[in-house]
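Read through the structure below, which is laid out as structure tokens, and then see the notes.
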Amino acid sequence: MTSVTAGARPHRPLVADGYEKALAAGAILLSGVVLVALVRGRSHWGEVPAIVWAHLATIAVALGLTPVMLLRRRGDAPHRALGKLWVAAMFLTAVITFWVRQSNPGHFSVIHIISLYVVVAAPMVWWTAATHRIESHRRYVRGMVTGALLIAGFFTLPFGRMLGTWLFG
């Protein structure tokens, strides 16, 4: 791994380490699980509120881009363009969740704490990249993928939530 001081550009792009490869694999696995759940629940699609579809659409973009962003070359123009799309998808996903309250009707749930984190962390992902604070950028990305994608994604499956009901029902 290249050592980078705050504000300096790396001499070579950082490559994915084992943790980032595991995060990419987790995103691929979760994408597959979500797809299977959606297919299994297709007879109920008409019952799903538009705000939930918006949430699923933004999260699909973020989940689909995650392995690409973690495993491909970094620091080039495509990485920056796709990164902006990923950050926007994560931010929109988090904001949309404040109107998604089906699992706790009319109230926020514990998982909304992750949404608050993303509303703060997503702009930090962009800012640390834009200011070439590569190690901070990497930490924010890892935190968002770990918590907001994979852990939050896992919690869409148990406790009678929609995707879990479709997947296991």
Side-chain angles (χ1 to χ4, degrees), residues 1-39 51-100 110-157 161 163 167:
M1 176 166 53
T2 303
S3 178
V4 179
T5 58
R9 287 181 166 240
H11 296 290
R12 64 183 171 82
L14 293 171
V15 295
D17 62 14
Y19 186 63
E20 290 165 344
K21 289 175 183 176
L23 292 175
I28 292 167
L29 178 63
L30 184 57
S31 295
V33 169
V34 168
L35 183 60
V36 168
L38 287 171
V39 169
I51 196 73
V52 174
W53 284 117
H55 176 62
L56 287 169
T58 57
I59 204 65
V61 170
L63 265 176
L65 284 175
T66 294
V68 173
M69 297 301 296
L70 290 174
L71 299 176
R72 72 172 304 283
R73 177 181 170 86
R74 298 171 187 188
D76 59 5
H79 179 83
R80 290 189 299 273
L82 292 173
K84 289 174 186 171
L85 181 58
W86 185 84
V87 168
M90 291 296 295
F91 186 81
L92 285 172
T93 296
V95 170
I96 288 168
T97 65
F98 295 116
W99 285 271
V100 176
V110 173
I111 206 160
H112 284 99
I113 294 168
I114 295 172
S115 298
L116 287 172
Y117 166 73
V118 172
V119 167
V120 172
M124 293 303 295
V125 166
W126 179 85
W127 181 77
T128 55
T131 57
H132 308 290
R133 289 169 168 81
I134 304 305
E135 291 303 319
S136 293
H137 174 73
R138 196 174 199 181
R139 280 191 302 275
Y140 275 111
V141 169
R142 285 175 168 204
M144 283 180 51
V145 171
T146 301
L149 280 177
L150 300 182
I151 292 173
F154 167 78
F155 281 105
T156 65
L157 302 176
R161 297 192 63 190
L163 290 179
L167 183 64

In chain order, what residues pass the side-chain contact (heavy atoms from CB on, under 4.5 Å) check against A129, with sequence neighbours excluded?
H137
Kindly check if the number of other-residue, nucleotide or ligand heavy atoms within 6.0 Å of CZ (F155) is above 12?
no
Filter on side-chain hydrogen bond (donor to acceptor under 3.5 Å, both in side chains), then keep only pairs touching residues 81-90, sequence neighbours left out; what's left?
T66-W86
So how far is it from L70 CG to L65 CG, rounded to the nearest 0.5 Å?
10.5 Å
What closest approach, in Å, do A152 and I114 show between heavy atoms, and which atom pair accounts for it?
CB-CD1, 4.0 Å
Ignoring hydrogens, what is the shortest heavy-atom contact between P123 and V120? Give both atom names and the distance.
CD-O, 3.3 Å
May I ask you to test the L38-L163 pair for a side-chain heavy-atom distance under 4.5 Å?
yes
Determine which pairs satisfy salt bridge (charged side-chain N to carboxylate O under 4.0 Å, His left out) with at least one residue from residues 112-122, sequence neighbours left out, and list them in order.
none
Exactly one of L56, T93, I51 clears side-chain contact (heavy atoms from CB on, under 4.5 Å) with V100, and that residue is I51
side-chain contact (heavy atoms from CB on, under 4.5 Å) with V119: which residues, sequence neighbours excluded?
F91, A94, V95, F98
Give the minimum heavy-atom separation between R72 and V68, together with the two atoms involved.
CG-O, 2.9 Å
So which heavy atom on V61 is nearest to which on A89, and how close?
CG1-CB, 3.8 Å
With sequence neighbours excluded, residues passing side-chain contact (heavy atoms from CB on, under 4.5 Å) with S31:
L63
Counting only pairs under 3.5 Å, give me each side-chain donor-acceptor contact of residues 139-149, with atom names and distances, residues two or more places apart or in other chains.
from : atom 1 : to   : atom 2 : distance (Å)
R139 : NH2    : S136 : OG     : 3.1
R142 : NE     : E20  : OE2    : 3.3
R142 : NH2    : D17  : OD1    : 2.9
R142 : NH2    : D17  : OD2    : 2.1
T146 : OG1    : Y19  : OH     : 2.6
T146 : OG1    : R142 : O      : 2.8

State which residues pass ring-ring contact (aromatic ring centres under 6.0 Å, His included) with W53; sequence neighbours excluded, sorted by chain then number.
W45
Residues forming a side-chain contact (heavy atoms from CB on, under 4.5 Å) with K21, sequence neighbours excluded
A16, L71
L150 CG to L29 CG distance, which is reported to the nearest 0.5 Å:
9.0 Å
Quick one: CD1 on I59 to CD1 on I96, what's the gap to the nearest 0.5 Å?
9.5 Å
Gap between atom NE2 of H132 and atom CD1 of I134 - 0.5 Å precision
7.0 Å
